[in-house]
**Q** 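Next up is a structure, given as structure tokens.
As the structure is a computational prediction, the values presented were derived from the model and not from experiment.
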Amino acid sequence: GLSHTHLTLSNPARLVYSPHAYGPGTNSKMHYFNRSAYPEYPDNMPAVWEAHFLRPARAAGGTVVVGEWGGVYEGADELWQDRFKAFLLE
């Protein structure tokens, strides 16, 4: 991933990370959506997002612009989207 790949950029100030993030309705097989393993779902998700795109972007001095997120607004996806929105506003 990003933390294992070394990039040399001519202008690092122009680096932008643009993650696409989706809830369990799109990929329910991801372990962090498992409510048995993570009964605190969706409050476990900020640590996942931090590890997946915020921490690597910060380490590289980059900016994060979420390229796409969402899903059907119901059930576990609704919980996920509400938590992601709150995360983006924090």
Side-chain angles (χ1 to χ4, degrees):
L2 296 172
S3 60
H4 303 290
T5 303
H6 178 72
L7 297 174
T8 303
L9 304 172
S10 61
N11 188 346
R14 292 185 177 181
L15 179 64
V16 176
Y17 289 88
S18 185
H20 292 201
Y22 305 99
T26 303
N27 190 355
S28 62
K29 293 182 173 103
M30 301 305 289
H31 70 278
Y32 40 75
F33 295 142
N34 183 330
R35 290 174 131 180
S36 296
Y38 296 94
E40 67 278 12
Y41 173 85
D43 291 330
N44 63 309
M45 295 305 302
V48 173
W49 300 320
E50 180 80 28
H52 283 196
F53 55 83
L54 273 187
R55 195 174 307 126
R58 286 179 181 148
T63 299
V64 175
V65 176
V66 177
E68 187 173 302
W69 65 286
V72 177
Y73 193 68
E74 61 184 32
D77 261 17
E78 181 178 350
L79 295 172
W80 183 93
Q81 289 176 49
D82 288 345
R83 188 61 189 96
F84 193 63
K85 176 185 161 191
F87 175 76
L88 294 173
L89 295 172
E90 292 173 358

**Q** Pro56 and Tyr17: which non-hydrogen atoms are nearest, and at how many Å?
**A**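 Distance-wise, the nearest heavy atoms are O-OH, 3.7 Å.
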**Q** Going by side-chain heavy atoms closer than 4.5 Å, which hydrophobic residues are tied to Val16, directly or by a chain of links?
**A**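 Traced through the cluster, Val16 reaches Val65.
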**Q** Let me check something: do Tyr22 and Trp49 share a hydrophobic cluster, defined by ILVMFWY side-chain heavy atoms less than 4.5 Å apart, either directly or through other members?
**A**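 No: no chain of side-chain contacts under 4.5 Å links Tyr22 to Trp49.
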**Q** In chain order, what residues pass the side chain to side chain contact (heavy atoms under 4.5 Å, CB included) check against Glu40, with sequence neighbours excluded?
**A**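 Applying side chain to side chain contact (heavy atoms under 4.5 Å, CB included) to Glu40 gives Tyr38, Asn44.
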**Q** Does some side-chain heavy atom of Leu54 sit less than 4.5 Å from a side-chain heavy atom of Phe87?
**A**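 The answer is yes, as the side chains (C-beta and beyond) meet within the 4.5 Å cut-off.
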**Q** Sequence neighbours left out, what passes side-chain hydrogen bond (donor to acceptor under 3.5 Å, both in side chains) with Glu74? Give chain and number order.
**A**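 Counting only residues at least two positions away or on another chain, Glu74 forms no side-chain hydrogen bond (donor to acceptor under 3.5 Å, both in side chains).
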**Q** Restricting to side chain to side chain contact (heavy atoms under 4.5 Å, CB included), what partner residues turn up for Leu88, sequence neighbours left out?
**A**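 Once residues adjacent in sequence are excluded, the partners of Leu88 under the side chain to side chain contact (heavy atoms under 4.5 Å, CB included) criterion are Val66, Trp69, Phe84.
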**Q** Looking only at heavy atoms, which two atoms of Val72 and Asp77 are closest? And how far apart?
**A**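 Heavy atoms only, the tightest pair is O-CB, 3.0 Å.
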**Q** With sequence neighbours excluded, tell me which residues meet side-chain hydrogen bond (donor to acceptor under 3.5 Å, both in side chains) with Tyr32.
**A**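 Checked Tyr32 against side-chain hydrogen bond (donor to acceptor under 3.5 Å, both in side chains); zero matches.
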**Q** Applying side chain to side chain contact (heavy atoms under 4.5 Å, CB included), name anything that partners Ala51, two or more places apart in sequence or on another chain.
**A**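 Arg55.
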**Q** How would you list all residue pairs meeting salt bridge (Lys or Arg N to Asp or Glu O under 4.0 Å) that involve residues 10-20, not counting sequence neighbours?
**A**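 Not a single pair qualifies under salt bridge (Lys or Arg N to Asp or Glu O under 4.0 Å).
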**Q** Using the salt bridge (Lys or Arg N to Asp or Glu O under 4.0 Å) criterion, which residues pair with Glu50? Sequence neighbours excluded.
**A**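 Glu50 satisfies salt bridge (Lys or Arg N to Asp or Glu O under 4.0 Å) with Arg58 only.
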**Q** Using the side chain to side chain contact (heavy atoms under 4.5 Å, CB included) criterion, which residues pair with Ala76? Sequence neighbours excluded.
**A**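 Ala76: side chain to side chain contact (heavy atoms under 4.5 Å, CB included) contacts with Pro24, Tyr41.
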**Q** Is a donor on one side and an acceptor on the other found under 3.5 Å between the side chain of Gln81 and the backbone of Gly71?
**A**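 Pair found, side chain donor or acceptor close to backbone of Gly71.
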**Q** Applying salt bridge (Lys or Arg N to Asp or Glu O under 4.0 Å), name anything that partners Glu90, two or more places apart in sequence or on another chain.
**A**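 In terms of salt bridge (Lys or Arg N to Asp or Glu O under 4.0 Å), with neighbours along the sequence ignored, Glu90 is linked to Arg83.
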